[in-house]
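The chain is numbered in sequence order, starting from 1.
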Amino acid sequence: MLFASTSRLVSIADLAAMTFCPERCIGLRFVSFAGHVDALELVRIPQTSEDTIATCREVFPTDGQDVTMCMKAN
């Protein structure tokens with residue numbers, strides 16, 4: 001099980017701090033650029049595990065979209 005949020009109002013770090021499993025928390029942003037391929041942005045915090053990232057890459061089909069990684073310090 002993982003906790004994925006698309007919220008930009010509440011940080012992933014704040015959400016992770018409210019759980020017992022911050023390593024399973026990640027942010028998802030579906031980004032659309034004019035004239036460019038849509039992208040899925042994975043927003044991780046230092047506690048986000050590699051298993052969580054791998055699960056997101058497997059579960060959320062990108063249909064040829066770019067997948068980018070972003071690290072939030074807190």
Side-chain angles (χ1 to χ4, degrees):
M1 179 172 77
L2 59 92
F3 183 80
S5 173
T6 59
S7 175
R8 289 183 181 254
L9 299 176
V10 180
S11 77
I12 295 303
D14 289 345
L15 292 173
M18 293 184 256
T19 72
F20 294 107
C21 51
E23 71 279 359
R24 295 182 179 178
C25 295
I26 195 163
L28 299 174
R29 295 183 184 149
F30 299 94
V31 183
S32 188
F33 302 105
H36 295 275
V37 177
D38 292 337
L40 170 63
E41 182 179 58
L42 301 177
V43 183
R44 68 180 297 179
I45 56 173
Q47 298 92 333
T48 303
S49 72
E50 292 299 322
D51 285 342
T52 297
I53 294 165
T55 299
C56 286
R57 289 180 182 271
E58 181 180 319
V59 170
F60 297 100
T62 59
D63 297 327
Q65 298 170 332
D66 293 330
V67 178
T68 60
M69 184 66 62
C70 172
M71 172 73 89
K72 294 289 185 180
N74 285 323

Indicate the atoms forming the closest heavy-atom contact of Met1 with Arg24, along with that distance.
-> O-CD, 2.9 Å

Could you give the distance from CG (Asp51) to CD (Glu58), rounded to the nearest 0.5 Å?
-> 11.0 Å

CD1/Ile53 to CG/Leu2 distance, rounded to the nearest 0.5 angstrom?
-> 11.0 Å

Taking every non-hydrogen atom, the tightest pair across Ile26 and Cys56 | CG2-SG, 3.6 Å

Value rounded to 0.5 Å, distance of OG1 in Thr52 from CZ in Phe3 | 12.5 Å

Determine whether Leu28 and Leu42 make a side-chain contact, defined as any pair of heavy atoms from C-beta on separated by less than 4.5 Å.
-> yes

Do any N or O atoms from the side chain of Thr48 and from the backbone of Cys25 form a donor-acceptor pair under 3.5 angstrom?
-> yes

Approximate separation, where rounding is to 0.5 Å, of Arg57 CZ and Glu50 CD | 9.0 Å

Residues which pass side-chain contact (heavy atoms from CB on, under 4.5 Å) with Glu23, listed by chain and number, not counting sequence neighbours | Cys21, Ser49

